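Counting starts at 1 for both ligands and their atoms, in listed order. Predicted, not measured: the structure shown is a model, and the values here were computed from it.
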Amino acid sequence: MVRKLIFGSRYFGKGSTDCGPGEEEIEHAHSLSTILVYVYAFCVTDYIPWLRWKTDFDGHEKSIRNAILTARKYQDPLIDERIQQWKDGVRTKQDDLLDVFINLNEPQLNADEIKAQILDLILAAFVNVSNNIEWAMAEMMNEPRIFDKAVHELDLVVGKERLVQEFDLHNLNYIKACVKEALRLHPVAPFNLPHVTTADSIVAGYFIPTRSHVMVSRIGLSRNPKVWDNPLTFNPNRHMNARLVQGFTWELPPNEPHVDLKENLHDLAKAKPLFALVKPRLSHHIYPTLDHDGDAS
Ligand code: HEM
């Protein structure tokens, strides 16, 4: 979409003669990283708002404003150019998301709204993807057995006569497991985006009052030893099993003749939670978290 962008988490070159990123790419990427760093920064004025009355108390606003200006310096002219191409009729075929945004009717987006959408998307898609690729490659290079297995799967599914395509993915289960394992072990940030609760809530027995800042720990979830065996080990095999059907018998509760398949009105999730009586059906040693009576702990 934006022809001058390089998505990557590290930059080694200064200037573009070595085929690496040039000054402009580096400045653009640096501005995006700066904006993302401040998403998680502790800001005193979030908690004592009157300190904002006269001044940008902790200097965050200035840094973010400058970073946004820098990012937009590179992005916005390309977006304006594209809008003009549609106005002049020199562009008539929608090739990418920017073309789609420009031609939307419901709702119609003006130039500022398109620029804001593009900035949000570039920020959202920037570090997660490059971080995941970098960590997956790093972990696999340290485990040649895993790397070989991934290459073997590619050779089997795709062969050596063509490059892998997106439609191959559903046959590349081991590759997908490697990606999932890199995402589990190495989220790019320790927390999900900050959220604010809109109502009093209870989660896992904890009371969370309305208007609380909620930060979900990605590390706490994905490296939790109560959930994952050897949580710090890169082991794609842990994602290879669809265990619910294999591992348990599934029965309806006694007073329910069938599962109610009604959907929610506001989304397509199941309206009522699924209740079922499940019992382990494989050898006992396969269930490391069962107690001696066969109950899950
Ligand atoms: C490995 C790849 C990715 C990971 C791990 C990832 C992860 C996440 C996470 C954790 C959030 C925050 C959810 C929340 O707590 O609200 C998020 C938000 C988002 N992601 Fe991704 N993402 C990835 C790739 C992408 C890509 C490729 C795109 C778009 C092309 C994208 C678009 C978005 C958008 C638009 C948001 C919402 C941002 C906002 O609230 O302004 N993501 N992503």
For a distance cut-off of 3.5 Å, show me each N or O of ligand 1 paired with any protein N or O, plus the separation.
| residue | atom | partner | partner atom | Å |
| --- | --- | --- | --- | --- |
| ligand 1 | 15 (O) | His195 | NE2 | 3.0 |
| ligand 1 | 16 (O) | His195 | NE2 | 2.8 |
| ligand 1 | 22 (N) | Asn128 | ND2 | 3.4 |
| ligand 1 | 41 (O) | Asp120 | OD1 | 2.8 |
| ligand 1 | 41 (O) | Asp120 | OD2 | 3.1 |

Task: ring-ring contact (aromatic ring centres under 6.0 Å, His included) involving Tyr47 - partner list, sequence neighbours excluded - done: Phe42, His213

Task: Flag if over 12 foreign heavy atoms under 6.0 Å of CE, Met137 - done: no

- [ ] Not counting sequence neighbours, which residues clear salt bridge (Lys or Arg N to Asp or Glu O under 4.0 Å) with Asp148? List them please.
- [x] none

TODO: May I have the step-by-step check of side-chain hydrogen bond (donor to acceptor under 3.5 Å, both in side chains) for Trp135 and Asn131, ending in yes or no?
DONE: CA-CA 6 Å; Trp135 275 114; Asn131 176 67; 3.2 Å; yes

Open item on the list: Just checking Arg65: does its CZ atom have more than 12 heavy atoms from other residues, nucleotides or ligands closer to it than 6.0 angstrom?
Closed with: no

Task: Arg145: salt bridge (Lys or Arg N to Asp or Glu O under 4.0 Å) partners, not counting sequence neighbours - done: none

